[in-house]
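Structure first, then comments.
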Number of protein chains: 2
Amino acid sequence: MTKAKTEAATIRDVARLAGVSVATVSRYLNKNAPLSPDAETRVQQAMTELNYEPHAMARSLATLKTNAIGLMLNKIEGDFFTPLLEGIENEATQAGYHLLISSSASIGPGRSSPLGPRNTDGLLVFSNAVAEPALRRLSESHFPVVLIHQSPPPDLRIPCVTVENKAATFKIVSHLIEKHQRRHIVLLRGPDDQEDSHWRETGYRQALDVHGLPFDPRLVRPGNFEREMAYRSMKEILSEGLPVDGVFAGDDEAALGAILAIQEAGLKVPDDVAMVGFDDQRISEYINPPLTTVRAPTEQVGRTATQLLINLINTGEAQSLTLLPTELILRRSCGCST
Amino acid sequence: MTKAKTEAATIRDVARLAGVSVATVSRYLNKNAPLSPDAETRVQQAMTELNYEPHAMARSLATLKTNAIGLMLNKIEGDFFTPLLEGIENEATQAGYHLLISSSASIGPGRSSPLGPRNTDGLLVFSNAVAEPALRRLSESHFPVVLIHQSPPPDLRIPCVTVENKAATFKIVSHLIEKHQRRHIVLLRGPDDQEDSHWRETGYRQALDVHGLPFDPRLVRPGNFEREMAYRSMKEILSEGLPVDGVFAGDDEAALGAILAIQEAGLKVPDDVAMVGFDDQRISEYINPPLTTVRAPTEQVGRTATQLLINLINTGEAQSLTLLPTELILRRSCGCST
DNA sequence: CTGAAAGCGCTTACAG
DNA sequence: CTGAAAGCGCTTACAG
């Protein structure tokens, strides 16, 4: 066992060396009360001489503030995870907060969440990483929570930040219809338990609607934001002989699988079937043909959510819904020549 | 301000309700002393009735253990970050530790590291995220630290886990020489302050050496593990008219830039110039031609480092060097036909 | 402007 | 097996 902790100087040591009381040192630390210049310099000196650093835990216990925020997510994976975390970590440490991370995948079932009021001042919850009952409990005890890419249950006022899924999907599907004259556009749906899926489906339907195209349920298949699933769905739909001239794949990952299925069927992207995705993963620019897709400001999502959470911690208030704008990235898979 | 904390039940509430002393509840919690069955059930009941959860901070203060480990890195970015963190987070929470993350990039200069003996039981340090003097201080106070992808200063015994950079590079460069008869192989060097760069350079030189090829300093250029830099270096070397028939790019990112430069010069990969990288980024499989490279077990690096750290915390001992094996991924850019 | 003292929620010798 | 009490390192009314 290490003894590092017992060797470190405490506030009492500093007080003794400076010839002042513990309270005075504390006041110097927190700069929350006037101090004589004399005392100030003596404390200052003692602190540097002892190489003193306040003990975070002790301070937390005394103030009932932890100066930490927590991030809960399902699983650490995927292209968007890094920029999301980068945004969060940046804002958090800039605001003087520590960042605790926990993925529910690695918590054994049954064991309760390791992150909560006991060790954080507030929580960032990504997608459906925290089940509704637990969310409800947190919310009812007025514990600061901000949701990312998921809206709260209708009766709970928990702030949420996400991206313009619906509008972006509307735009990209409309692009297929208007610019490239596609009429039979497949939708590869995302997983049911992710809210992004639903908004994207809504955007897809709206785009058909506005352009007077009929909604054909046979063109809607599971894609699950996965390459494999999308591949199989696409294979299947092609084998059924339905007329298909375009695909909104749900996300880029699914687009990968769908493109493969199309090419294996001897058809061409985009000539025979135009393809669009969502996310703008890094590889989407490199595949053949390069993928037309939607870029979401993921780092910004992280930053904004963190700012909101810190606001919520400090003031008790935060905007309830933040929708960040997305950007259409036109490449060759839709038929554009760029 | 939230009042969540003052509403939560404390150990005292549990004791009162159960009709026992605070000490008894504590003993039940820690299961570190015999307890009468009667007391046990009463405490048990009181705890569930009050929905009691021990306060982590208070416990930390009393035991001088934080039950948290910290991860320090320079910047949250890149393809390997996600698997690394996944491995770390998994091991940490499985062992009952919290994970604190801090990137030095987001700490203002001057401000001291937010992670240390005050709020963690041990630190994982990635690459050169912590400067040597600070590392020395930690090590001298016997604070548990494990280094990732970086060895300690020679006089410090800090455990380190990394991958077989040298052996892997030796193998992949030898492959270029033996299987594809390349004789003029460029080395695009990584950044000087990353240890990986040096081992890879050593592996490159060894491969030339063993095969009786002369080392030509004109073939060694800065690549910096960056696409842009590699592109420029490659452009330059090609314009100088040196005979070049192969490139070890340092990493995949650099290979991207180098391939572009070669193709822009009207040459073919791999026919005119064979290309190999290091990392096996996700896109490396999708580029044209698909990149031959080295795959490192990044998640495993994270897991192993975390296990070592926890061992170090508990026993004071840990293996000083762990070298994880890598895997050669043969694709078309080297001339293999797969 | 400054100090003595109580308290934050826990753990752990020390007695019994 | 169990309780009273001191202590972990800080902060913050309360007096002065």
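Order of the sequence lines fixes the chain letters, A, B, ..., with proteins taken first and strands second; residue numbering starts at 1 for each chain.
- When each of Asn119(B), Asp121(B), Thr120(B) is checked for a side-chain hydrogen bond (donor to acceptor under 3.5 Å, both in side chains) with Thr66(B), only Asp121(B) meets the rule.
- For the residue pair Tyr28(A) / Gln44(A), a side-chain donor-acceptor distance below 3.5 Å is found, with atom types taken as modelled.
- For Ala62(B), taking side-chain heavy atoms from C-beta onward, the closest of the listed nucleotides dG7(D), dG9(D), dG3(D) is dG7(D).
- Nearest nucleotide to the side chain of Thr63(B), out of dT12(C), dT12(D), dC10(C): dT12(C).
- Looking at the side chain of Thr10(B), the nearest of the listed nucleotides dC10(D), dG3(D), dC10(C) is dC10(C).
- Rounded to a whole Å, the CZ atom of Arg16(B) is 19 Å from the P atom of dT2(D).
- One interatomic measurement links the two molecules: CG of Asn119(A) to P of dC10(C), which rounds to 13 Å at whole-angstrom precision.
- The side chain of Ser26(A) approaches dT11(D) more closely than any other nucleotide in the set dC10(D), dT11(D), dT2(D).
- Note: CG (Leu61(B)) to P (dA6(D)) measures 17 Å, nearest angstrom.
- Under 3.5 Å, the side chain of Arg27(A) and the base of dG3(C) form at least one donor-acceptor pair of N or O atoms.
- The interatomic distance linking Ile11(B) (CD1) with dC8(C) (C1') rounds to 13 Å, in whole Å.
- For Arg12(A) and dA6(D), the CZ to C1' distance is 12 Å, given to the nearest whole Å.
- Among the atoms of the strands shown, none is found under 4.0 Å from any heavy atom of Tyr28(A).
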Decide yes or no on side-chain contact (heavy atoms from CB on, under 4.5 Å) for Asn311(A) and Glu317(A), but give the supporting numbers first.
CA-CA 7 Å; Asn311(A) 238 346; Glu317(A) 322 226 320; over 6 Å; no

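- Using modelled atom types and a 3.5 Å distance limit, the side chains of His149(A) and Asp196(A) yield a donor-acceptor pair.
- Contacts between residues 29-39 of chain A and DNA chain D, counted as heavy-atom distances below 4.0 Å, involve Asn30(A), Asn32(A).
- Rounded to whole Å, the distance from NE2 on His55(B) to P on dT11(C) is 12 Å.
- In summary, the side chains of Ser151(A) and Glu195(A) do present a donor paired with an acceptor at a separation below 3.5 Å, with no hydrogens or angles considered.
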Dot-bracket for DNA chain D, please. Rules: Watson-Crick or G-U, both distances under 3.5 Å, ( ) within the strand, [ ] when a pair crosses earlier ones, | for another strand, . otherwise.
|||.||||||||.|||

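- At a cut-off of 3.5 Å, with distance as the only test, a side-chain donor of Ser103(A) or Glu89(B) sits close to an acceptor on the other residue.
- With a 4.5 Å cut-off on side-chain heavy atoms, Phe81(B) and Leu85(A) count as touching.
- The two residues Tyr52(B) and Thr10(B) have their closest heavy-atom pair at CE1-C, 3.5 Å.
- Taking side-chain N and O atoms only, Ser21(A) has no distance below 4.0 Å to OP1 or OP2 of dA4(C).
- If you check dA4(D), dC10(C), dT2(C) against the side chain of Arg59(B), the one that comes closest is dC10(C).
- At a threshold of 4.5 Å between non-hydrogen side-chain atoms, the residues Leu123(B) and Ile69(B) do not count as touching.
- Here the side chain of Val22(A) is nearest to one of dT2(C), dT11(D), dC10(D), namely dT11(D).
- Per the geometry, CG belonging to Asp121(A) stands 15 Å off C1' belonging to dC8(C), to the nearest Å.
- In summary, of the residues considered (Leu308(B), Val301(B), Thr298(B)), a side-chain contact (heavy atoms from CB on, under 4.5 Å) with Ile148(B) occurs for Val301(B) alone.
- Remark: P of dG9(D) and CD of Glu53(A) are 15 Å apart, rounded to the nearest angstrom.
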